[in-house]
Amino acid sequence: MSNGHPPSFPNTNPMAFFVQLRAFLLSRDGQGYPAYKRLDRRYQFDRFELFIDHVQGDPFAEPSRLRVSLSSSAAGLPPEYLVSEARRRAVADFLNRAFLAALESRERVRGSGKSGELRVLRPGQEVLARTSVLVFPDGAVEARFRAGLPARGRTILGQEAARLLCEDIPAAVDAALLYSSLDPAALRIHLETVEDARALRDQLAERGLVAFVADGANLPRRSGVDDRPLAADRSVTFRSPKSLRVTLRVPNAGDVTGMGIPAGVTLLVGGGFHGKSTLLRAIERGVYDHVPGDGREKVVTIPSAVKVRAEDGRRVAGTDISNFINHLPGNEDTRHFYTENASGSTSQAASIAEALELGTGCLLLDEDTSATNLLIRDARVQALVAREHEPITPFIDRVRQLHQLHGVSTIMVVGGAGDYFDVADTVIAMREYYPYEVTAEAREVARRFPTQRRSEADPWRPLAERIPQPESIDPSRGRHDVKVQARGTERVRFGEEDIDLSAVEQLVETAQARAIAHALAWGRGRFLDGHRPLRDALEAMMEVIEEQGLDAIDDRRMGEYAAFRLYELGAALNRLRSLRVGRA
Ligand code: ADP
Ligand code: MG
């Protein structure tokens, strides 16, 4: 199966041995860099096999792609650590972190350019499936990384190369990928933490909840650019209000008590700086599992929760925003709305409609990052600006329909728009970082101060289907059929286009953005075929990835992808400026 990438090397070469690798490298000392291209593809070491999947063209290019593969008996993982997806993912994540540390401690300058660089994916606070370290159900382990093959200028440094490949990399493998070298207690905690988070999340739906925040959780982060937890002595630990307290049972930690957020419409209210957005952000991230010590290990959200925000200037390709915006001046078609430059309200309406199109079960909104005119038209504005002159049906008039007719919940931070008290099922006030349930008080306030606004909701119109056109999804650039690149989680270069992902707040690792870009390149034509509606196509892609792993999107055995959700895949496609869609 070709996906537009050059084919990977077939592993059919006769096996070479470790001693031959050393001899080869020493014998190439002083030769020109292209001599590295004559490396064999596969070498047998004592405890593992080393695969050389791609050799860089010169010492300044991206370092060479290498892979080590350990049999289950070499890796030595306890069989009970392999029995579930959650356990294997946790073990792989743990090994990834250990391998990163082991490579870092052995990395040094070994010549010009990137000579001696050692790279493997750097995981953040979340425990994601990644192609950097794979743990197979039978206990075999594979780690994929990059190494800069040493040279001075373009002259091979054979001694350095032999030390790198035959001593330092094997030492890193021994230190990080053998069960016997790891801290067994730390690994067990890692695995139990992930398994418990999974178990908590799996119970939400049956308990009628959309999110759960455990007592004792530590939600605030060190800074806007540092996702590690705020130091315990500066942070207020989460404590659930009695009325929302629930107890869930998990396999390792036993009974866990915390705040359950019921399905329906939930408001997070409170004064500025009292921790509303911090709580919402923890809930956004609750679709992922977290590492021990993160503080959000037991903060979980249903897997289909999607954060939506205003995003001026975004592209919109044929999205049906008509439930929120209709009768635009100039009579633009809002059932199939195109713009190169959405306003705050149209961008957020589009993001909401797209999340619904993909089947979200819970919308997450923060007033701080929302378009006010999409959220609310209060009585005074209604009196001054007639309904006929206002294209927007505000979210306040849709939020109950969404829940009652479509089972879609909303959790929303409200600092100023008290009209929402009328439409809320649950109101949680944050006061000095502690939550209090104030639903009854909010109802009482709503009774005493009627808003006098009229509901402007007309019946909900089923969303119009969109069929992405494959020729509008072009990952090629110059002589490359597929040229895509992630720059952090904020931006992806896709062929000639830039996809701005800065408002897609539930992307947490660059490796996810990179994987999404490659997945779109892979899916185009195959699934995004000009016939299937967007949701069908993306769901079919996710299904294949689920079954075959992330290697499905790229047959080169790349080590630099991390798992992503349907919603972020769709968010990226929806932001591709060249995208065109047909109608069903
Ligand atoms: P709001 O959205 O209510 O205005 P934020 O969530 O932005 O408030 O929080 C305001 C500040 O308080 C932020 O700097 C945040 O990191 C900090 N903070 C939030 N929750 C806690 C907590 N539980 N303990 C300590 N500091 C917190
Ligand atoms: Mg805020």
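Every number for a ligand or one of its atoms is a count from 1 in the order of the listing. Predicted model, so just to flag it, every value in this text is computed and none were measured.
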With distance as the sole criterion, is a donor-acceptor pair present between the side chains of Gln125 and Asp294 under 3.5 Å?
yes
Does the structure place the NZ or CZ of Arg239 under 6.0 Å from the centre of the six-membered ring of Tyr434, at an angle of no more than 45° from the ring's axis?
yes
What is the name of the N/O/S atom in Asp368 that sits closest to the Mg ion (ligand 2)?
OD2
Report, in ascending order of atom number, the atoms of ligand 1 lying under 4.0 Å from any heavy atom of Gly272.
4 (O)
Could you pull out the closest heavy-atom pair between Thr319 and Arg466, with the gap in Å?
OG1-NH1, 3.2 Å
Using 30° and 60° as the class limits, which term best fits the ring planes of Tyr433 and His274: parallel, tilted or perpendicular?
tilted
min-distance protein heavy atom vs atom 5 (P) of ligand 1 -> Thr278 OG1, 3.5 Å
Using heavy atoms and a threshold below 4.0 Å, how should the contact between Met430 and ligand 1 be classified: side chain, backbone, both, or neither?
neither
Do any N/O/S atoms of Ser277 come under 2.8 Å of the Mg ion (ligand 2)?
yes
Closest protein heavy atom (residue, atom, distance) for atom 24 (N) of ligand 1:
Val236 N, 2.8 Å
Subset of ligand 1 atoms that lie under 4.0 Å from at least one heavy atom of Gly271
3 (O)
If the cut-off is 4.0 Å to any non-hydrogen atom of Arg234, which atoms of ligand 1 fall inside it?
25 (C)
Look at atom CD of Glu206 and say whether more than 12 heavy atoms of other residues, nucleotides or ligands are closer to it than 6.0 Å.
yes
So, regarding Gly275 and ligand 1 (criterion: nitrogen or oxygen to nitrogen or oxygen, under 3.5 Å), is there a contact or not?
yes
Report, as yes or no, whether the 6.0 Å neighbourhood of atom CZ on Arg380 holds more than 12 heavy atoms from other residues, nucleotides or ligands.
no
Is the closest heavy-atom distance from Gly270 to ligand 1 below 4.0 Å?
no
If you measure every N/O of Asp368 against every N/O of ligand 1, is any gap under 3.5 Å?
no
Is a side-chain donor-acceptor pair under 3.5 Å present for Asn326 with Thr334?
yes
Below the 3.5 angstrom mark, is there an N/O of Arg281, backbone or side chain, next to an N/O of ligand 1?
no
Determine the interplanar angle of the His518 and Tyr561 rings, folded into 0 to 90°, and report it as parallel if under 30°, tilted if 30 to 60°, perpendicular if over 60°.
tilted
Proximal ligand 1 atoms for Ser235, defined as those under 4.0 Å from one of its heavy atoms
24 (N), 25 (C)
Output for pair (Gln512 CD, Leu501 CG), nearest 0.5 Å, gives 10.5 Å
With heavy atoms under 4.0 Å as the rule, classify the contact between Ser277 and ligand 1 as side chain, backbone, both or neither.
both
Just checking: Glu367, one of its N/O/S atoms, less than 2.8 Å away from the Mg ion (ligand 2), yes or no?
no
By the definition side-chain contact (heavy atoms from CB on, under 4.5 Å), identify the one residue from Ile376, Asn323, Val308, Leu365 that meets it with Phe395.
Leu365
For atom 16 (O) of ligand 1, what's the nearest protein heavy atom and its distance?
Pro220 CB, 3.9 Å
Applying side-chain hydrogen bond (donor to acceptor under 3.5 Å, both in side chains), run through Ser370 and Gln348 and close with a yes or a no.
CA-CA 7 Å; Ser370 293; Gln348 193 166 13; 3.0 Å; yes
Are there over 12 heavy-atom neighbours, none belonging to Arg122, within less than 6.0 Å of that residue's CZ?
no
Please work out which of Tyr433, Phe238, Tyr434, Phe273 has its closest non-hydrogen atom nearest to atom 1 (P) of ligand 1.
Phe273
Atom 10 (C) of ligand 1 touched by protein (heavy atom, under 4.0 Å):
yes
In ligand 1, the atoms that come under 4.0 Å of a heavy atom of His274 are 1 (P), 3 (O), 8 (O)
